[in-house]
2 protein chains.
Amino acid sequence: MDSERPDLGAMVMRLGRRLIAMEEPILERHGLTMWAYVVLTALREGPTRTQAALAQSIGADKTRLIPILDDLQKRGLIERDPDPADRRVRLLGLTTEGQRKQRAIQSEIRTAEDDLLEDAADREAFVRALRDLT
Amino acid sequence: MDSERPDLGAMVMRLGRRLIAMEEPILERHGLTMWAYVVLTALREGPTRTQAALAQSIGADKTRLIPILDDLQKRGLIERDPDPADRRVRLLGLTTEGQRKQRAIQSEIRTAEDDLLEDAADREAFVRALRDLT
DNA sequence: TATTGTTATACTCTATAACTATA
DNA sequence: TATAGTTATAGAGTATAACAATA
């Protein structure tokens with residue numbers, strides 16, 4: 001391994017900030033925050049049974065989720081209904097409109113990512129290694 | 001490029017958090033915060049002429065730097081003297097002890113990073129691409 | 001008047017603790 | 001009593017604005 005390179009953490013975090021800066025204008029055009037998009041993307045994998053489970057899966061606190069879910073629900077992007085079997089629990093899922101929106105945003109982000117990766121040799125290997133590590 | 005993968009930003013940020021979690025115990029053993037270590041590492045590249053320039057080079061606000069520099073100076077890890085040619089300016093550099101400390105920490109971090117990268121195929125390509133992108 | 005560094009203040013993000021409703 | 005969700009509050013981290021020293 002190359003012995004004279006910046007710390008991995010520093011490089012990765014710098015790239016992360018760059019990617020987020022790239023995504024932000026896209027999200028803003030769609031009127032969503034980063035966390036709201038993260039929620040839509042997590043729900044796309046499949047519906048979630050409790051808000052606490054969703055919070056954990058995206059690395060957020062359950063209390064942080066609430067205003068985000070309020071907004072997404074108000075805008076008709078998610079469903080959030082009490083579980084008839086245990087009315088303490090809220091069943092969460094994407095609406096058709098929510099699915100459409102998530103796909104539209106992700107597609108724009110993918111295009112921008114591919115642009116950015118153009119600069120890198122070994123970009124297929126980069127993405128493979130990234131998947132292995134996460 | 002693989003069409004069914006998580007967003008690059010999500011993966012990169014997740015890896016970044018993992019790397020930081022890995023570095024934190026090392027830094028704690030040395031009694032330094034992440035930002036203090038970032039400052040030592042930036043100064044290792046060579047002395048800096050103004051605090052504002054240092055702040056910008058590490059992506060921090062100049063006001064955030066001040067308590068960090070206060071602490072590093074008090075502990076004898078950096079020099080911070082008014083420039084005789086323009087006494088508004090503080091010349092910043094590592095002391096011998098500061099250099100020693102930075103090298104010791106970086107070496108420990110490198111060892112831990114190499115452990116973590118073991119899990120990934122294509123790790124040389126990964127690091128190359130990461131350098132290209134940052 | 002402009003610039004470097006510093007201090008004081010405000011703002012944003014996040015987590016902790018207390019509360020409501022169900023079980 | 002225990003748990004899911006919610007609300008209220010407090011803390012950390014960060015940025016903005018005002019200030020002091022020097023040019």
Side-chain angles (χ1 to χ4, degrees), chain A residues 9-10 13-14 16-21 23-24 27-28 31-39 42-43 47-74 77-93, chain B residues 9-10 13-14 16-21 23-24 27-28 31-39 42-43 47-74 77-93:
Chain A
M13 290 305 288
R14 177 165 306 195
R17 281 194 293 270
R18 190 175 163 198
L19 286 163
I20 286 175
E23 293 179 16
E24 234 136 41
L27 292 168
E28 191 168 16
L32 288 183
T33 64
M34 180 65 73
W35 279 115
Y37 170 66
V38 169
V39 166
L43 289 178
T48 305
R49 202 175 161 277
T50 74
Q51 294 181 184
L54 175 60
Q56 184 170 24
S57 78
I58 65 174
D61 190 274
K62 63 173 181 168
T63 62
R64 253 158 74 194
L65 219 54
I66 288 163
I68 298 163
L69 295 177
D70 289 346
D71 181 61
L72 290 173
Q73 184 180 23
K74 194 171 59 191
L77 299 174
I78 62 167
E79 277 156 0
R80 187 199 203 183
D81 301 305
D83 182 349
D86 180 349
R87 292 182 33 246
R88 294 173 303 184
V89 169
R90 303 283 175 277
L91 301 173
L92 300 171
Chain B
M13 290 306 286
R14 177 165 306 195
R17 280 193 292 271
R18 189 174 164 200
L19 285 163
I20 285 174
E23 293 180 14
E24 235 136 41
L27 292 167
E28 191 168 16
L32 289 182
T33 64
M34 180 65 73
W35 279 115
Y37 171 66
V38 169
V39 166
L43 289 177
T48 305
R49 205 178 157 276
T50 73
Q51 294 183 185
L54 175 61
Q56 183 170 24
S57 78
I58 65 174
D61 191 274
K62 64 174 180 166
T63 62
R64 252 158 74 194
L65 219 53
I66 288 163
I68 299 163
L69 295 176
D70 288 347
D71 181 61
L72 289 173
Q73 184 180 23
K74 193 171 57 188
L77 299 175
I78 62 166
E79 277 158 358
R80 188 197 202 183
D81 302 304
D83 182 348
D86 179 348
R87 293 182 32 245
R88 295 174 303 186
V89 169
R90 303 282 174 275
L91 301 173
L92 301 170

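Chain A is the first sequence line, chain B the second, and so forth, proteins listed ahead of strands; every chain is numbered from 1. What you see is a predicted model, and the numbers here were worked out from it, not measured in a lab.
- Considering only side-chain N and O atoms, A:R80 lies nowhere under 4.0 angstrom from the phosphate OP1 or OP2 of D:dA4.
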Show your working on side chain to side chain contact (heavy atoms under 4.5 Å, CB included) between A:K62 and A:Q51 and close with a plain yes or no.
CA-CA 7 Å; A:K62 63 173 181 168; A:Q51 294 181 184; 5.9 Å; no
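- Positionally, the nearest nucleotide of DNA chain C for B:R49 lies more toward the 5' end than for the other of B:R49 and A:A85.
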Intermediate values then yes/no, side chain to side chain contact (heavy atoms under 4.5 Å, CB included), B:R49 and B:D86:
CA-CA 11 Å; B:R49 205 178 157 276; B:D86 179 348; 4.1 Å; yes
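- Whole-Å rounding puts the B:R17 CZ to C:dT14 C1' distance at 13 Å.
- Going from atom CG of A:D70 over to atom P of D:dT6 covers 7 Å, rounded to whole Å.
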Please lay out, stage by stage, how A:D71 and A:K74 fare under the test side chain to side chain contact (heavy atoms under 4.5 Å, CB included).
CA-CA 5 Å; A:D71 181 61; A:K74 194 171 59 191; 4.1 Å; yes
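- When the nucleotides C:dT4, D:dA23, C:dA21 are ranked by their closest atom to the side chain of A:R88, C:dA21 comes out on top.
- Whole-Å rounding puts the A:D61 CG to C:dT14 C1' distance at 7 Å.
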Can you check side chain to side chain contact (heavy atoms under 4.5 Å, CB included) on A:V39 and A:L92, steps first, answer last?
CA-CA 10 Å; A:V39 166; A:L92 300 171; over 6 Å; no
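- In this structure, the CZ atom of A:R64 is 12 Å from the C1' atom of C:dT12, given to the nearest Å.
- Listed nucleotides D:dA15, C:dG5, D:dT6 differ in distance to B:T63; the shortest reach to its side chain belongs to D:dA15.
- Counting any heavy atom pair closer than 4.0 Å across all strands shown, B:D86 reaches sugar-phosphate atoms only and no base atom.
- The nearest whole Å value for the distance from the NZ atom in B:K62 to the C1' atom in D:dA17 is 10 Å.
- Counting to the nearest Å, the P atom of D:dT7 and the CG atom of A:L69 are 12 Å from each other.
- Enclosure of atom CZ in B:R14 is not indicated, since only 12 or fewer non-hydrogen atoms of other residues, nucleotides or ligands lie within 6.0 angstrom.
- The side chain of A:W35 places an N or O atom within less than 4.0 Å of a non-bridging phosphate oxygen (OP1 or OP2) of C:dT14.
- Ranking D:dA23, C:dG5, D:dA17 by closeness to the B:R87 side chain, first place goes to D:dA23.
- Following rounding to the nearest Å, B:L54 (CG) and C:dT4 (P) show an atom-to-atom distance of 14 Å.
- Look at CG on B:D81: it is 15 Å from P on D:dT22, rounded to the nearest Å.
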